[in-house]
2 protein chains.
Amino acid sequence: MDRTFPALLARMQELKDLNGVIGLATWDQETYLPAKASDARAHQLSTLQGLYHERLVDPRLGEVLAWAASRSELDADQRAMVRVLTHERDRAVRVPQALVKALAEAQSRALNAWRQARKEKRFALFQPALARLLQLRREQADAYGHDGERYDALLEGYEPGMRVSRLTPVLTALRDALIPMVAAIGSAPRKVADLPEGRRFDAEAQWRFSLKLLEATGFDLEAGRQDRSIHPFTGGTHPRDVRLTTRIDEANPLNALFSTIHEAGHGLYEQGFDEAHYRTPLAASPSMGLHESQSRLWENVVGRSRAFWEHFFPALGESFPEALSGVGLDTFLGAVNRVSPSLIRTEADEVTYNLHIVLRYELELLLIHDELPLEDVPAAWNERMRRYLGVTPPDDVLGVLQDIHWSWGEFGYFPTYALGNLYSASLYRAAERAIPELTGHIRRGELLPLRDWLRDNIHREGYRVPAEELIRKVTGQGLTDADFLSYLKGKYGALYGVSL
Amino acid sequence: MDRTFPALLARMQELKDLNGVIGLATWDQETYLPAKASDARAHQLSTLQGLYHERLVDPRLGEVLAWAASRSELDADQRAMVRVLTHERDRAVRVPQALVKALAEAQSRALNAWRQARKEKRFALFQPALARLLQLRREQADAYGHDGERYDALLEGYEPGMRVSRLTPVLTALRDALIPMVAAIGSAPRKVADLPEGRRFDAEAQWRFSLKLLEATGFDLEAGRQDRSIHPFTGGTHPRDVRLTTRIDEANPLNALFSTIHEAGHGLYEQGFDEAHYRTPLAASPSMGLHESQSRLWENVVGRSRAFWEHFFPALGESFPEALSGVGLDTFLGAVNRVSPSLIRTEADEVTYNLHIVLRYELELLLIHDELPLEDVPAAWNERMRRYLGVTPPDDVLGVLQDIHWSWGEFGYFPTYALGNLYSASLYRAAERAIPELTGHIRRGELLPLRDWLRDNIHREGYRVPAEELIRKVTGQGLTDADFLSYLKGKYGALYGVSL
């Protein structure tokens, strides 16, 4: 392999292409793969991931990256490409093959155990597999290396640059502000209603409306698509091939509406990468939290706002004349913003959601530090649910077994959801300062000014700089809960008629 | 790489998985890829194909294959796997990288030139690119090696084991039998009509009917799927993930009907490979001609037969009550079996089709032998069209420029279509001997006895033995035009009321 930037770029492109094809095979698995082909697809994905890993850890790539790191003639983008790929490669190289294999096996076992435990509603059936995964992930954290905080080494895989020492104070303060806010909303004299029960929202009409929403956000349907899947996600193979999925439930149109807007936020980000970065490590987000900030900004800050529905609600009413008969804008806005402490994270509203995350983050720290006996995890979970949200899971499926993440061994992932929420509020505030009359635009259904501001300030940057640094550059400050809390106070204070 | 069969098998599986993923990316390109992603997909496919080639020509694989070829402890299937992969690898190794690259570039240029030539209806615009491709393919044939007949080396890529010395006498005799047969049908006193013009066949109803047909053939829709594409094809990633496409034209239901049955024939073959051969070189057809025999058997011998429509025509009538009003079974059977010399191969009927192929085969031999000046190709084409079919192309688009194959540099491909037709008739005759009351089954819509016979005798064999050897084993004789001609004489003699 030549010690030239073009030779290095060719390897970067090859890795990115392979990654794109892995994206295709994964998307297909969730959308169009025939039922009997799941084993075949698992083999194909495993082969692709093996090839990706093999090319990534290739010593010749390491040599050329080391050479390139010292070349002063490279421009800023080229240096960033070298830095990002070196970071990824270093982490991959540090984990011994035996540990990689043991982790894959333990994940597969844990997934089965988790499913069985859910079936029997008994955490104890999941416990041995979880213990094994935790042990291996601690080993992996040590292999990655850290400054005494193992969790940092895992967090780095999702949120490069973020540290427990930075995150814990912010999430703890957030928790302590949210608990009384949830209580205050719960005891507010004004109540908001759900949509009327028993109405049927035609699936085809939901699909057509979701495509209208996508187009309104500026998502380019010639550089992407939308399909259906059981769990909505954003995937694809390239910034010009971004694939969203949504889920349609005829009894409840909010699933499709908000999963479409949420995934559109992710999708706009992917479509917005700089063309000069295509097929390089820079055509990527620097963190999962920043990626989530885009989906949350569109789904919640924009998509659940009065201004947004002032424009879109009349069209929604025309799409579902019977199902929405008698439902006015105020009722609808109440229904999509109703605050109600509940057991399941994925169904939580904006106010309570982060408490679900803080709970998981706190337990993950204890688990990785080996400071919580595994048999005590369900009790610790339930005790925190009571303390933070005032509800108690009646069984483990509605409690500690509800998320799939731990059965994949994903420790360090959950906090990125909270980061996404906090970043989304800070970014929206910066957008309000930068775009004259932003609310007026949204009220007229003009979403492109916001999309273009995000594109110029966030999307086009790709992976040039770490997430928090980019947030600081764009908003004037780094990670903070202030913008998010102030957003909640304003919005929910008005909705519930209380001072928060 | 260990010198053990399991180590070799792992490499075979890796190659097969990669091939499956190439199949996915290709299928997706023709079905769901967003318009703006075509460049991205070309890069991804090129990267995958490059990796496949790199792994195939890996000298360590060559060493283990050579070692395995001499191991007496391997069973018959394992020896066949070694033989098939060695054959593929030897051919890949023999072509220098510079030639591979030159061919890829020449193909890309030729494709553009062909499109431009079609636009201006002038073969001369395609001629220089074709000359370059022919030169490179001759070089490639010499690199592969041959016994003095260059065309054999190219034919080997599509129809392993077949030779010009074997093929030419059969196709020449076929030609000489077909020319008078076409003439006799043309002057028969009885005429058959087309479907009435101007009727509209609802696209959704066509789609539903095509799925019914697929199910009736025994195509497993849980181990495959059907989608739409501009040009119907069979692709997929694995015998349990076989993907057919069809094309729906509301003005003409015959497109979807017969492309669905045609692709079902290919698809049943792929689904029928022996599970013990999955992810090995044996889960494949030994030749394109044999593959085509399966599609032609279902599309023509079964799908255009009276027995088949005696069962399915009533259901077709119910699906299109208005569009088929006044159309009886006899009219319909006439319309789907009408013989009419025409200019375009892909629209040709069963009787004239092979004359289109013989014409191309004869010209390809002259071109590869460098015995026909390129500027004379259109005239040679038109002269043969007159002689074989009695029609003259009014321009090159309706003549020499009609097929895409030569612009891909595919010389040696066309004859496999004729082989498919000849093999299909011989196989069906063998099936009639083996299955009591086969016609009665078909008349009752029972297609599984035929599918299962094909599965046991052809599909499960995979790539164990060469195509003609398998045909000999199953039918008692090798390549012959006798069964096909006798099939045509019986069917079309009765339809047109002439002695053929």
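Labels below follow one simple rule: chain letters A, B, ... track the order of the sequence lines, proteins then strands, and each chain is numbered from 1. Bear in mind the structure is a predicted one, so any value in this text is a computation, not a measurement.
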Only distances under 3.5 Å count here; give the side-chain donor-acceptor pairs of residues 259-267 of chain A to other protein atoms, sequence neighbours excluded, each with its distance to 0.1 Å.
from: A/Ser259; atom 1: OG; to: A/Thr246; atom 2: OG1; distance (Å): 2.7
from: A/Ser259; atom 1: OG; to: A/Asn255; atom 2: O; distance (Å): 3.1
from: A/Thr260; atom 1: OG1; to: A/Gln226; atom 2: OE1; distance (Å): 3.1
from: A/Thr260; atom 1: OG1; to: A/Thr246; atom 2: OG1; distance (Å): 3.1
from: A/Thr260; atom 1: OG1; to: A/Ala256; atom 2: O; distance (Å): 2.9
from: A/His262; atom 1: ND1; to: A/Glu299; atom 2: OE1; distance (Å): 2.6
from: A/His262; atom 1: NE2; to: A/His266; atom 2: NE2; distance (Å): 3.3
from: A/His262; atom 1: NE2; to: A/Ser295; atom 2: OG; distance (Å): 3.4
from: A/Glu263; atom 1: OE1; to: A/Thr234; atom 2: N; distance (Å): 3.3
from: A/Glu263; atom 1: OE1; to: A/Thr234; atom 2: OG1; distance (Å): 2.6
from: A/His266; atom 1: ND1; to: A/His291; atom 2: O; distance (Å): 3.4
from: A/His266; atom 1: ND1; to: A/His291; atom 2: ND1; distance (Å): 2.9
from: A/His266; atom 1: NE2; to: A/Glu292; atom 2: OE1; distance (Å): 3.3
from: A/His266; atom 1: NE2; to: A/Ser295; atom 2: OG; distance (Å): 3.1

Could you list which of residues 6-21 of chain B have a heavy atom closer than 4.5 Å to any heavy atom of chain A, in residue-number order?
B/Glu14, B/Asp17, B/Leu18, B/Gly20, B/Val21
Of the listed B/Leu24, B/Val242, B/Asp39, the one with the largest count of heavy-atom pairs under 4.5 Å with chain A is B/Leu24
B/Trp453 CH2: over 12 foreign heavy atoms closer than 6.0 Å
yes
Please walk me through it: do A/Gln44 and B/His238 pass side-chain contact (heavy atoms from CB on, under 4.5 Å)?
CA-CA 10 Å; A/Gln44 289 156 0; B/His238 185 276; 4.0 Å; yes
Proximal to chain A - members of residues 46-56 of chain B, heavy-atom separation under 4.5 Å:
B/Thr47, B/Leu48, B/Leu51, B/Glu54, B/Arg55
Quick one: pull up CG in B/Asp241 and CZ in A/Arg41 and give me the separation to the nearest 0.5 Å.
5.5 Å
Write down the atom of B/Pro34, the atom of A/Glu222, and the distance for their closest heavy-atom approach.
CB-O, 3.4 Å
Provide the closest heavy-atom pair for A/Arg240 versus B/Lys36 in the form atom of the first, atom of the second, distance.
CD-O, 3.4 Å
Considering only heavy atoms, which portion of B/Asp220 lies under 4.5 Å from any heavy atom of chain A: side chain, backbone, both, or neither?
side chain
Those residues that, when tested against A/Asp227, pass side-chain hydrogen bond (donor to acceptor under 3.5 Å, both in side chains) (two or more places apart)
A/Tyr32, A/Arg225
